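What follows is a set of notes on a single structure, which appears directly below.
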Number of protein chains: 2
Amino acid sequence: MKSQKISEAVVRRLPIYLRFLNELAMKNVATVSSQDLGQKLDLNPAQIRKDLAYFGEFGKKGIGYDIAYLIEKIRQILKLDRHIQVALVGAGNLGRALCNYNTYLRNDMKIVAVFDAMPSKAGETINNLTVQPMGEMKAVLSELGVRIGIITVPASEAQNVANQFVACGIEAILNFAPVIIKVPPEVRVHYADFTTELQSLAYYLD
Amino acid sequence: MKSQKISEAVVRRLPIYLRFLNELAMKNVATVSSQDLGQKLDLNPAQIRKDLAYFGEFGKKGIGYDIAYLIEKIRQILKLDRHIQVALVGAGNLGRALCNYNTYLRNDMKIVAVFDAMPSKAGETINNLTVQPMGEMKAVLSELGVRIGIITVPASEAQNVANQFVACGIEAILNFAPVIIKVPPEVRVHYADFTTELQSLAYYLD
DNA sequence: TAGATTGTTAATCGATTAACAATC
DNA sequence: TAGATTGTTAATCGATTAACAATC
């Protein structure tokens, strides 16, 4: 069924499944049912089965899902079975913090280049990465084969950085700046703005 | 229409409207139509009108929305018209970065206390805040009237911190740790895990 | 007035959940 | 075999979009 379009909601749940399956694998659990999964992840078991069924028949009736096998499959689906190079622009506090997550990302994804528009920042070292000036971006990204870009600059600079990413052939962007950026339709943008998140939380206070 | 339940999707868009309206206000623009708003924010104008109409009649037919007035109204809806105190647990790289966003949050929300389980961290200063040991949490939160908690500890510690937040009467939690946490239904939890976000982005690579 | 734009109803679209035959 | 659990269809639920009368 590779042809049907998978909804964004489904794709966003896959990493959550993967994360929990990895936890189970570390505890040497062999199989898991959609029931168990649903309980732990606060999701409807039918939804989990349906999500997975978009991509294949990964379970066994009466048994559940083999954890090692399902991990392998989800990694393939998410394209995490290969190395994906990531670049980050904006070596401020947040950018620096994210660079230090490299170990977290395991082998699948890795921040391999950091840029900053402030000349004074160039040359600084963050977790074995040297901050480079923006002028180097095009050359560095194509040499390293970077496909995903992270934006951690102030809102006023985000569109500018996005434009440069697009010009460098970046395929997907994770934008931490609190502003909507415009990119060609073939470039995927996700947002990760914690101020927006906090503000919507306030609504639920009594 | 205060009685009808407002969907989460609507609440999540309000801060996005607010943000852009603030930008316009700074440029001294006086009014804006749902058309304009939709264009800038990549949203359907009908959706914007409907979202706002849940809360009242804020626009003028033939004219659009008065920006100053709409800002005031959205701030009231989101409860950002009062000061909201926020506490953060986990003074690692990410926690430190977030503390430095205090200026960004303006007056409406403010991180007023930082805690860390590592005794060696206690006493450190981050952006005028002194890191305190976990044992102080209950006393400090009730003294400062903290209502929202931010979790920036490793996944393995997140549930534990959440439990302590709940015991302190925290009403809402923003969890940056890559794990689902369990809290009583009256406590609201939002997730802000950038590794999940990155992994779902990978799916969209060719 | 004529043009623009809201608020709102109805139509559409899509996502979640329930139910169950198939089968391990 | 009996019990458990999948994959999948059908039913439900909810969110988005289109359309338009009201009106500034």
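Treat the numbers as computed from the prediction; the structure is a model and nothing was measured. Note that these values count all heavy atoms, side chains included, but never hydrogens, waters or copies made by symmetry.
- More than 12 heavy atoms of other shown residues, nucleotides or ligands fall within 6.0 angstrom of atom CD in B/Glu8.
- The side-chain contact (heavy atoms from CB on, under 4.5 Å) test with B/Val183 is passed by exactly one of B/Ile170, B/Asn175, B/Val166: B/Val166.
- Paired runs in DNA chain D that reach 3 or more consecutive Watson-Crick or G-U pairs, where each pair keeps both distances under 3.5 Å, cover C:3-24 with D:3-24.
- The cationic atom of A/Lys60 (NZ for Lys, CZ for Arg) does not lie both less than 6.0 Å from the six-membered ring centre of A/Tyr65 and within 45° of the ring axis.
- Listed by residue number, the members of residues 16-24 of chain B with any heavy atom below 4.0 angstrom from DNA chain D form an empty set.
- Donor-acceptor pairing under 3.5 Å is recorded for the side chains of A/Gln159 and A/Asn163.
- Contact check of residues 28-38 of chain A against DNA chain D (heavy atom, cut-off under 4.0 Å) returns A/Ser33, A/Ser34.
- No option in A/Arg19, A/Arg13, A/Arg12 other than A/Arg19 meets the side chain to side chain donor-acceptor pair (under 3.5 Å) test with B/Thr196.
- For A/Asp36, the side chain to side chain contact (heavy atoms under 4.5 Å, CB included) test picks out A/Val32, A/Ser33, with sequence neighbours left out.
- The number of heavy-atom neighbours closer than 6.0 Å to NZ of A/Lys40, taken from other residues, nucleotides and ligands shown, is 12 or below.
- Taking 4.0 Å as the cutoff to heavy atoms of chain B, we find the contact window on DNA chain C bounded by C/dA4 to C/dT9.
- Between the side chain of A/Arg96 and the backbone N or O of A/Ala91, at least one donor-acceptor pair lies under 3.5 Å.
- Counting non-hydrogen atoms of neighbouring residues, nucleotides and ligands closer than 6.0 angstrom, the CD atom of A/Gln35 reaches no more than 12 such neighbours.
- Of the residues in residues 56-68 of chain A, A/Glu57, A/Phe58, A/Gly59, A/Lys60, A/Lys61, A/Gly62, A/Ile63, A/Gly64, A/Tyr65 come within less than 4.0 Å of DNA chain D through at least one heavy atom, sorted by number.
- At least one donor-acceptor pair under 3.5 Å links the side chain of A/Asn127 to the backbone N or O of A/Cys99.
- Side-chain N or O atoms of A/Lys182 include none that pairs as donor or acceptor with a backbone N or O of A/Ala162 at under 3.5 Å.
- Listed for the A/Arg75 side chain is a donor-acceptor partner under 3.5 Å among the backbone atoms of A/Leu80.
- Two rings, from A/Tyr101 and B/Phe194, have their centers less than 6.0 Å apart.
- Taking a 6.0 Å sphere around CD of B/Glu143, one finds it holds 12 or fewer heavy atoms contributed by other residues, nucleotides or ligands.
- Remark: A/Glu72 CD is packed, more than 12 non-hydrogen atoms of other residues, nucleotides or ligands lying under 6.0 Å away.
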